There are 2 protein chains.
Amino acid sequence: MAPPSEAPDVAVTVDLVVLTVREDTLCALAVRRGIPPYRGRWALPGGFVLPDEDLPQAAARELAEETGLEQLTGHLEQLATYGAPRRDPRMRVVTVAYLALAADLPAPRAGGDAAAARWAPVAELLAGGGRLAFDHARILGDGLERARAKLEYTPLATYFCPPAFTVAELRRVYEIVWGVVLDPRNFHRKVTRAEDFLVPTGGRTSRKGGRPAALFRRGGARLLMPPMLRPDPGEPRRPP
Amino acid sequence: MAPPSEAPDVAVTVDLVVLTVREDTLCALAVRRGIPPYRGRWALPGGFVLPDEDLPQAAARELAEETGLEQLTGHLEQLATYGAPRRDPRMRVVTVAYLALAADLPAPRAGGDAAAARWAPVAELLAGGGRLAFDHARILGDGLERARAKLEYTPLATYFCPPAFTVAELRRVYEIVWGVVLDPRNFHRKVTRAEDFLVPTGGRTSRKGGRPAALFRRGGARLLMPPMLRPDPGEPRRPP
DNA sequence: GCAAAAGTGTTCTTCGTACACCCATGG
DNA sequence: CCATGGGTGTACGAAGAACACTTTTGC
């Protein structure tokens, strides 16, 4: 509500869960730490909030620094804030996590405290506890859960796709993020019927086999209505 | 991601959107500021995060201090974090907002920097911009939106009710929070059929007129399935 | 023509909506 | 016995699941 007379010993950072789909796998941006603590371990990209910077600005700046991604493409939203007293052994650090979604991007570049940066499969980063530095496994898990949930009722999945995409590409996104298999016919009807969800560009794809698919771009709808229903997972996925 | 060598000049607080339903009105807890800035204006309750305290702890402590509410009853979740550079004119303050829901409570007590505290109708606090101090109108608006959305697919509405309640009382909560009128018969079926949503206590109410209603308590379900659908608003509401 | 992928139609069932109707109590 | 609200049954339509079937391309 109100600040104290004296400034407490706290630092505020932003951390980023940047998700993309590459080679039929859901991947997150990870950086290798070049300094202690957790030196040599993978972590989520992030950094300090500058004195004259709002939180979304800080997140967008870090995102651009790490990926070169323009803010015009992709999606960025606040995820949650993590501030356990000893989540960073050096001092009290409260971090505001952001979730970013982007189409397949060129390989990231290292910089700052990061010795390296790469797109890592989310499953790999979350497997076997303790791979990620700090509480970043939990943050990544929360980001993944948020993304999965929002695919149901928002156009978020389209942010994983290039500017023009086919219905099948969009369906792949759902299948990969949710880890399920969806019926291509029902999916097609659903997304093409939803008001303002997809806009036909008029273009068509050409491929080796099969009928060419129509190309679409993201429409103006902010909600997918009726929502896409997520089947309970467990089904296997076919090979790429 | 990693803290700096030197601590930046930032303070971290928690602010609370505490919602309750009293006298057929959705109300939020508001405190009157006793010190500048915004002296004499109403604000959301909140305070500093203590050095050895996690964020949810800080929120729960502030909630208990302001309302006397035990953590056993009610609901508390993180809402969002607000950190615009000049949201507090004195210094950089990043605040982590929490959303709390509670059944009708005794009148709150003032304390700390607050000259007074009261339950104020949400509509009143949000009407005519600039009533609330800082960016608290926006925070309250976000909390309201979150609460409204989560009534659809979670048992959140039951936290507005006393430990044992009737289906009609629960329906009133939905109607008041959403500002709509719901069909009592369909509502009854829906909530009583949903798995683990309501548990009959065996008790019954006695009233002046009409058949006594069965009493229920909140079940163990964390999701309401299938979800309650929110009709588009606009309908008037009958008098209390 | 055949394989392969896009896209349409059809059936069955589930679930929301509207509303008629019955139940149980106080006065 | 009647007013008042609690609770059940039923008919209709919208939408999801499953799947047969047609369309349009490359080879």
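Within every chain, numbering begins at 1; the chains are lettered A, B, ... in the order of the sequence lines, protein sequences first and strands thereafter. As the structure is a prediction and not an experimental result, all values here were calculated from the model. No hydrogens, no waters, no symmetry mates; every other heavy atom, side chains included, goes into these values.
Look at CZ on Arg193(A): it is 13 Å from C1' on dG16(D), rounded to the nearest Å. If you measure from atom CZ of Phe187(A) to atom P of dA18(D), you get 16 Å, rounded to the nearest angstrom. When rounded to the nearest whole Å, the span between CZ of Phe216(B) and C1' of dG6(D) equals 10 Å. Summarising the geometry, the separation between CG on Leu182(A) and P on dG16(D) is reported as 13 Å, rounded to the nearest angstrom.
Relative orientation of the Phe134(A) and His136(A) rings is tilted, given thresholds of 30° and 60° on the angle between their planes. Using cut-offs of 30° and 60° for the angle between ring planes, the Tyr159(A) and His75(A) rings count as tilted.
Among residue pairs with one or both ends in residues 176-186 of chain B, those qualifying as salt bridge (Lys or Arg N to Asp or Glu O under 4.0 Å) are Asp183(B)-Arg185(B); sequence neighbours excluded. Sorted by first then second residue, the side chain to side chain donor-acceptor pair (under 3.5 Å) pairs that include residues 139-148 of chain A, not counting sequence neighbours, are Glu77(A)-Arg146(A), Tyr82(A)-Asp142(A). Every pair passing salt bridge (Lys or Arg N to Asp or Glu O under 4.0 Å) that includes a residue from residues 55-64 of chain A is listed here, sequence neighbours excluded: Glu53(A)-Arg61(A), Arg61(A)-Glu65(A). Pairs engaging residues 188-202 of chain B under the side chain to side chain donor-acceptor pair (under 3.5 Å) rule: Asn186(B)-Arg189(B) [sequence neighbours left out]. The stretch residues 151-162 of chain A participates, sequence neighbours left out, in these salt bridge (Lys or Arg N to Asp or Glu O under 4.0 Å) pairs: Glu152(A)-Arg230(A).
Residues that satisfy the side-chain contact (heavy atoms from CB on, under 4.5 Å) test with Arg204(A), not counting sequence neighbours, are Pro212(A), Ala214(A). Applying the side-chain contact (heavy atoms from CB on, under 4.5 Å) rule to Ala168(B) yields the partners Thr166(B), Arg171(B); only residues at least two apart in sequence or on another chain are considered. With sequence neighbours left out, the side-chain contact (heavy atoms from CB on, under 4.5 Å) criterion links Ala100(A) to Val18(A), Leu63(A), Leu76(A).
Across residues 160-168 of chain B, Ala168(B) each have a non-hydrogen atom less than 4.0 Å from an atom of DNA chain D (numbered order).
Put simply, His188(B) has no side-chain N or O that comes within less than 4.0 Å of OP1 or OP2 on dG6(D).
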>> As a quick check of understanding, evaluate side chain to side chain contact (heavy atoms under 4.5 Å, CB included) for Leu29(A) and Leu16(A), giving each step before the final call.
In response: CA-CA 8 Å; Leu29(A) 187 59; Leu16(A) 290 168; over 6 Å; no
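In this structure, a donor-acceptor pair under 3.5 Å is present between the side chains of Asp15(B) and Thr95(B).
Each end of the helix from dG1(C)-dC27(D) to dG27(C)-dC1(D) gets its own axis from five base pairs, and the two axes differ in direction by 10°, given to 10 degrees.
Taking every nucleotide of DNA chain C with any atom under 4.0 Å from a non-hydrogen atom of chain B, the first and last of them, 5' to 3', are dG16(C) to dG26(C).
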>> What does the B/S/- profile of nucleotides 19-27 of chain D look like, 5' to 3', with a 4.0 Å heavy-atom cutoff to protein?
In response: BB--BBBS-
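Counting heavy-atom neighbours within 6.0 Å of Arg118(A) CZ, excluding the residue itself, gives a total above 12.
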